[in-house]
**Q** 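Structure provided below as structure tokens; questions to follow.
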Amino acid sequence: MIRSSQHNYARGYLLILVIVFGAVFFTITSAFVGFVVTQSQVVNSKYEQQQALEISEAGLNYYRWFLAHFPNDVTNGTGAPGPYVHVYNDPEGGPIGEFSLDIASSTYCGDVASIDVWSTGYTYEDPSLQRTIYARYSLPTVTEYAYIINSNVWAGSDRTIIGPYHSNGIIRMDGTNNSVVTSGQSDWVCDGSLPCSPDPDGTTLDAVYGDGPNSSLWTFPEAPINFAGLTVDLSTMEDRAQNNGGIYIGPSGDGGYRLDFQSDNTVDVYVVDDTYSYYGYTSADGWEVERNVIDDDDYLTSYTIPTDCPLIFVEDKVWLEGDVASKVSVAAADNDLGDPDHSIILNGDITYATSTAGLLAVAEEDVLVGLVVPDTMDLNGIFIAQNGRFGRNHYKTSGWQDVLSIHNDYVTRDTLTMNGTIVSNGRVGTKWTSGGSFVSGYDTRFNSYDRDLVDDPPPLVPNTSDVYEFIEWREDG
């Protein structure tokens with residue numbers, strides 16, 4: 001009996017062990033199977049999510065194609081509000097999902113400025129797994145450049161330039177460029193119009209040459225930028241100002257107008273009654289009598305910048321300054337044949353009161369930094385000298401071509417910082433030297449293009465291409 005009890009006890013003990021180890025094995029096996037199933041579900045989910053992303057990208061590519069054939073159509077050809085749902089067909093598997101498009105546009109003065117597209121993709125296998133991509137389509141504009149110049153140009157050693165720098169002519173680059181420098185030419189024979197030292201006149205040089213660093217970023221020849229094609233249609237700007245909700249200011253009958261932007265999104269307008277007479281020098285015209293310093297002006301009125309068409313067209317000469325609070329464009333021109341072209345004088349600091357502000361200033365002739373201006377000057381905006389040049393004229397304090405004695409201290413200035421874009425038909429210059437010595441203008445200049453204006457420029461900024469491009473792309477959610 002004792003032997004039988006011991007035998008039964010051993011058998012019971014073994015049974016318990018079998019049950020315990022069986023339970024452990026079952027638990028491990030179940031966990032492993034569960035892990036495999038879960039991993040399979042995760043892989044399938046990731047696969048469906050990736051397919052949903054690719055379908056949403058297909059939606060963006062579709063609408064890019066659509067805009068190439070039907071520019072400015074933000075209703076997918078329906079004339080009705082969205083969303084617009086399209087079936088996505090796999091070339092091998094047939095219909096596998098859909099993308100849904102929501103489309104909006106930014107419009108100024110009746111013209112489409114940019115188009116925003118949200119494309120949501122999903123598969124039929126799991127419609128709950130959706131991916132949404134946002135993209136902004138826009139025509140590329142001059143805001144992508146720090147400079148676009150239609151003539152030969154010399155960037156001095158004191159210059160620091162951030163952003164693409166392009167000239168259709170020859171570039172002597174002695175300054176520091178932190179982006180590409182491109183010329184529409186391949187080479188040139190030095191004729192003395194730009195410094196060639198140490199090479200003598202008659203030497204064949206590269207289209208971009210000089211003593212500046214970062215020469216690896218100099219490329220030539222690049223396709224010339226069609227200057228006539230990218231300059232602003234001033235007649236269109238005048239029409240939009242008169243008939244599409246902008247601000248039109250007719251001839252003053254005096255010297256022109258001073259526009260002083262205010263941080264409350266208004267602009268104060270003054271009639272310029274009288275200006276000082278003195279001499280200024282340009283490379284193109286030599287010494288001439290100039291009247292760009294205001295002696296007296298009278299307050300005329302104040303305008304609130306319109307939201308739907310923030311455009312000011314002035315049929316006269318303009319002095320410009322102030323604190324810009326929104327996107328706004330200013331043009332100074334006279335579109336009547338036979339009348340003189342009008343210029344813009346940058347009369348003081350032009351700053352931005354908000355992070356969303358931006359300025360376009362277009363002159364039919366020159367855009368000039370004035371004589372009586374701050375020693376340290378800040379200029380924010382896109383400045384276009386359509387038929388003339390951007391710059392600051394040469395002044396001196398002695399000789400028969402001198403400035404008035406009350407303006408002697410303004411002949412040389414310290415620092416000019418420009419944030420934005422300069423488009424100039426003629427040669428650009430804001431510093432003058434004689435015998436290697438600084439004699440007039442700004443001693444130190446900094447230039448940087450404004451990345452914010454690339455994505456969201458002021459109205460009627462000139463385009464550099466007629467092909468829509470992605471200027472912003474991101475996944476939403």
Side-chain angles (χ1 to χ4, degrees), residues 139-231 282-284 367 382-391 418-431 433 445-451 453-454 461-467 469 471:
L139 298 175
T141 70
V142 298
T143 58
E144 297 179 353
Y145 292 83
Y147 278 89
I148 299 177
I149 305 166
N150 200 35
S151 68
N152 297 346
V153 64
W154 177 18
S157 59
D158 63 304
R159 297 285 299 282
T160 299
I161 302 165
I162 300 173
Y165 187 106
H166 176 85
S167 173
N168 288 336
I170 307 302
I171 301 173
R172 171 153 184 153
M173 179 56 69
D174 292 336
T176 300
N177 60 283
N178 292 335
S179 186
V180 295
V181 178
T182 58
S183 168
Q185 308 295 318
S186 57
D187 55 39
W188 74 305
V189 177
C190 181
D191 58 6
S193 60
L194 291 175
C196 300
S197 177
D199 300 297
D201 287 1
T203 304
T204 299
L205 299 173
D206 291 336
V208 183
Y209 73 105
D211 299 327
N214 302 328
S215 58
S216 61
L217 298 175
W218 303 352
T219 60
F220 51 89
E222 289 288 320
I225 292 178
N226 182 359
F227 200 85
L230 65 82
T231 50
T282 68
S283 299
V367 178
I382 305 156
F383 303 103
I384 300 179
Q386 181 145 303
N387 299 313
R389 54 180 282 272
F390 177 95
M418 291 177 283
N419 180 39
T421 300
I422 292 170
V423 180
S424 179
N425 189 46
R427 183 172 170 177
V428 172
T430 53
K431 179 177 183 177
T433 60
R445 285 82 47 82
F446 298 98
N447 297 86
S448 175
Y449 86 124
D450 190 336
R451 186 65 185 81
L453 296 188
V454 175
V461 168
N463 301 315
T464 56
S465 171
D466 58 0
V467 178
E469 295 181 355
I471 63 170

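For reference, positions follow the sequence shown, starting with 1.
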**Q** Among all residues two or more places apart in sequence or in another chain, which pass the salt bridge (charged side-chain N to carboxylate O under 4.0 Å, His left out) test with R172?
**A**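 For R172, the residues satisfying salt bridge (charged side-chain N to carboxylate O under 4.0 Å, His left out) (neighbours in sequence not counted) are D174, D211.
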
**Q** Would a 4.5 Å heavy-atom cut-off, applied to side chains only, mark F390 and T430 as touching?
**A**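 Side-chain contact under 4.5 Å: yes.
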
**Q** Do you know which of L453, N463, T421 makes side chain to side chain contact (heavy atoms under 4.5 Å, CB included) with T141?
**A**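 By the side chain to side chain contact (heavy atoms under 4.5 Å, CB included) criterion, T141 pairs with just one of L453, N463, T421: N463.
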
**Q** List the atom of G388, the atom of S424, and the distance in Å for their closest heavy-atom pair.
**A**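 What the structure gives for the nearest pair is O-OG, 3.9 Å.
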
**Q** Any idea how Y145 and H166 line up, ring-wise: parallel (<30°), tilted (30 to 60°), or perpendicular (>60°)?
**A**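 Answer is perpendicular, since the angle exceeds 60°.
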
**Q** Restricting to non-hydrogen atoms, name the atom on I149 and the atom on G426 that form the minimum distance, rounded to 0.1 Å.
**A**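 What the structure gives for the nearest pair is CG2-O, 3.8 Å.
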
**Q** Working to the nearest 0.5 angstrom, can you tell me the gap between Y165 OH and I171 CD1?
**A**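 Separation between the atoms: 6.0 Å.
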
**Q** Would you indicate whether the side-chain heavy atoms of C196 and T203 approach each other to under 4.5 Å?
**A**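 Of all side-chain heavy-atom pairs linking C196 with T203, none is under 4.5 Å.
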
**Q** Distance-only criterion, 3.5 Å: show the donor-acceptor pairs between side-chain atoms of residues 185-192 and protein atoms not counting sequence neighbours.
**A**
{"from": "Q185", "atom 1": "NE2", "to": "N168", "atom 2": "O", "distance (Å)": "2.8"}
{"from": "D191", "atom 1": "OD1", "to": "S193", "atom 2": "N", "distance (Å)": "2.9"}
{"from": "D191", "atom 1": "OD1", "to": "S193", "atom 2": "OG", "distance (Å)": "2.6"}

**Q** Ignoring hydrogens and geometry, is there a side-chain-to-backbone donor-acceptor pair from S151 to R427 under 3.5 Å?
**A**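 Checked: pair present.
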
**Q** Does any part of the side chain of F446, heavy atoms only, come nearer than 4.5 Å to the side chain of I162, both counted from C-beta?
**A**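 Heavy-atom side-chain distance check fails, nothing below 4.5 Å.
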
**Q** Could you state the interatomic distance from CD1 (I422) to CD1 (I161), rounded to the nearest 0.5 Å?
**A**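 So the gap between those two atoms works out to 9.0 Å.
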
**Q** Nearest 0.5 Å, what's the OG1-CD distance between T464 and E469?
**A**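 Those atoms lie 7.5 Å apart.
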
**Q** Quick one: pull up OG in S465 and CG in N226 and give me the separation to the nearest 0.5 Å.
**A**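 One gets 11.5 Å once the value is rounded to the nearest 0.5 Å.
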
**Q** Quick one: does any side-chain atom of N152 pair with a main-chain N or O of I170 as donor and acceptor, under 3.5 Å?
**A**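 Yes.
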
**Q** Compare every heavy atom of R159 with every heavy atom of Y147, then report the nearest pair and how far apart it is.
**A**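 Here Y147 and R159 meet closest at OH-NH2, 2.8 Å.
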
**Q** Taking all non-hydrogen atoms of both residues into account, name the closest pair between G184 and P224 and its distance.
**A**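 Residues G184 and P224, closest heavy atoms: O-CG, 4.0 Å.
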
**Q** Going through the checks in order, is the side-chain contact (heavy atoms from CB on, under 4.5 Å) test met by T143 and D450?
**A** CA-CA 7 Å; T143 58; D450 190 336; over 6 Å; no

**Q** Heavy atoms, side chains only, cut-off 4.5 Å: are R451 and Y449 in contact?
**A**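 Yes - at least one pair of side-chain heavy atoms lies under 4.5 Å apart.
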
**Q** Kindly compute the distance separating OG1 (T182) from CD1 (I148), expressed to the nearest 0.5 Å.
**A**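 Reported to 0.5 Å precision, the distance equals 9.0 Å.
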
**Q** To the nearest 0.5 Å, tell me how far I225 CD1 sits from N150 CG.
**A**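 Answer for the CD1-CG pair, I225 versus N150, is 9.5 Å.
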
**Q** Side-chain contact, heavy-atom cut-off 4.5 Å: P462 with I384?
**A**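 Sidechains of I384 and P462: in contact.
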
**Q** Flag the pair V142 / V461 as yes when at least one side-chain heavy-atom distance between them is below 4.5 Å, and no otherwise.
**A**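 Yes, close enough: below the 4.5 Å cut-off.
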
**Q** For the residue pair T282 and R389, establish whether any side-chain heavy-atom pair is separated by less than 4.5 Å.
**A**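 Yes - at least one pair of side-chain heavy atoms lies under 4.5 Å apart.
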
**Q** With distance as the sole test, does S183 use its side chain to make a donor-acceptor pair with the main-chain N or O of G169 at under 3.5 Å?
**A**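 Confirmed, S183 side chain pairs with G169 backbone.
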
**Q** Looking at P213 and N177, what are the two nearest heavy atoms and their distance?
**A**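 That would be O-OD1, 3.3 Å.
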
